[in-house]
Amino acid sequence: MNAMIWILYLTALYVRCNPSPLEDVTVDRYSVPKTCAREVENGDHVRYHYNGTFADGKQFDSSYDRGSASSGQIGLGRLIAGMDRGIQGMCINERRRITVPPHLAYGSQGAGKVVPPDTAVVFDVLLLDIWNAKDKVQTHVLYKPKHCNRTVQRSDFVRYHYNGTLLDGTPFDSSYNRKQTYNTYVGKTWLIQGMEEGLLGMCVGEKRNIIIPPFLAYGETGYGTVIPPQASLTFDVLLVDLHNPKDDIVVDSQVIPDPCTRKSVAGDFMRYHYNGTFLDGTVFDSSYLRNSTYNTYIGLGYVIPGMEKALLGVCIGEMRRVTIPPHLAYGENGAGEDIPRYATLVFDIHVIDFHNPKDTVEVQVTHKPVECNLTSGPDDLIQYHYNCSLLDGMLLFSSRDYEKPQETLLGANKVIDGLDQGLRGMCVGEKRVVIVPPHLGHGEKGAGIVPGSAVLHFEVELLALQKGVPPGFLFVWLVESPADLFQDLDVNKDDVVPLEEFSAFIKDLVAEGKGRLRPGQDPDEVIRDMFHNQDRNRDGKITSAELKLKAQEDAERSRHEEL
């Protein structure tokens, strides 16, 4: 028992005389962050600011005064023992007051003229950075789009926004402040190695937090005045764009009408609507907002190369999404303020119509009567119903909106040329679809609600037909004319033919199907014009001599205006 008591006494005496290092270092953790992703361990490299004072508060050293943080490796004896142990377990942005006794500080030798021998020192420490030689790039996905058709690979060209901070949160750079993305190749050593690795596998629209240790960033030299030596870097990255120099256009989400009777070729003139966005969905242009289609020739270099390729071989009414890489769009220069450099473009296209300047009127007979002995032609007066639409189905006009059917004299420039052509050769009761190209319609300027350069779709039905007379004629014979016309005109044989007698004769001929008056005008007015043409002296009567003289003059001029 006495021996045991003696051993315990000696042990207590040894502890009082030889306190352990951990007990001798006093640590006051007076400011600890709420979250601590990592604590300092043996072997870690650290970067920290400090103020060094004596017990009485007198300062003997400060990293703040030097304007640069101190750095070192923990647990390898490269710092004074008290500091080496006092920093262990610290978190980024933690503040500690570490009191170090002399034998764990500068001992009996002191530190030159700065720290006297056998002096306790106090360090007020702010931890700025932790890293280890075994560290790798850390990536944390903050947001990932639902749809991701493609991810970043080596040799890709990317555009991204970022905020760059040191590990303690100090900002050193931001693309947002410059209001432009950072544009670069991946895998060609144009970036620090850690960023090369951190970008791989990202989708457009994805947000990542990337933490890069110093040896994969700017290492022991740092970068200028913004990134100190041995600094870990944190980037919050938003990937905006992604393409490869070998990319071609990508066409997807196609809606192709059935049937598709014709596909576009080089030289066609096209009208189409579109929404233009970047890969992240940001809209840069839309024809819908202007309420006007985009109209252009294709295959002739009037639009960007990618759009040229996208518009060739399409059908009228087709809808497609087209992704165009920068080298087939606006390239390294962009386009004004709307399209940045190296931007990949996405177009949602709806082809409204297209035509070729060489196109003629297209006629499709949808119904034809069994009996068809008489067809429409130049100078005929016709009545018809019609619906006029654009090729996308938008109705522009309909004759059924009016009380009476449409009436026109063919060949008299009463309707657009294409419709005039499409109404010829029809039987009464026949129905047709007539497709009229713009140059035979309302041209590049349009008319009223008809857009410029619009192809028109007519559905027509011929209701009535009056055969006409050639230009310059008021009347034509449908049978052989009498040998002595004046004798037939002079019914009462008084050698003169007044208007009443003349009018009755002509009307009888028309009623018997022996002659035809010019259609589309009041018959009485036409007959009066015929009469006045024969009444040379304007005395209200036609004589045999007047009729003969008029006929001779007409023959000499090769004109036959009436009889």
Salt bridge (charged side-chain N to carboxylate O under 4.0 Å, His left out) between R208 and D236, intermediate numbers included: CA-CA 6 Å; R208 280 187 182 182; D236 286 319; over 6 Å; no
With a 4.0 Å cut-off on N to O distance, would you call [X] and [Y] a salt bridge?
X	Y	result
D168	R47	no
R150	D247	yes
R78	D84	no
R320	D348	no
D285	R290	yes
D268	R262	yes
R159	D280	no

Geometric cation-pi criterion K58 and F54, 6.0 Å radius, 45° cone: no
Stepwise salt bridge (charged side-chain N to carboxylate O under 4.0 Å, His left out) test for R85 and D24: CA-CA 10 Å; R85 297 185 180 189; D24 283 350; over 6 Å; no
Given L233, I212, I211, N93, the one that forms side-chain contact (heavy atoms from CB on, under 4.5 Å) with L167: I211
Any residue meeting disulfide bond (SG atoms under 2.5 Å apart) with C388, in chain and number order, not counting sequence neighbours: none
Sequence neighbours excluded, every pair satisfying side-chain hydrogen bond (donor to acceptor under 3.5 Å, both in side chains) that has a member inside residues 439-451: none
H243 and F157 aromatic ring geometry - parallel, tilted or perpendicular at 30°/60° bounds: tilted
Side chain T293, main chain N295, donor-acceptor under 3.5 Å: no
Distance flag, aromatic centroids of Y342 and Y185, threshold under 6.0 Å: no
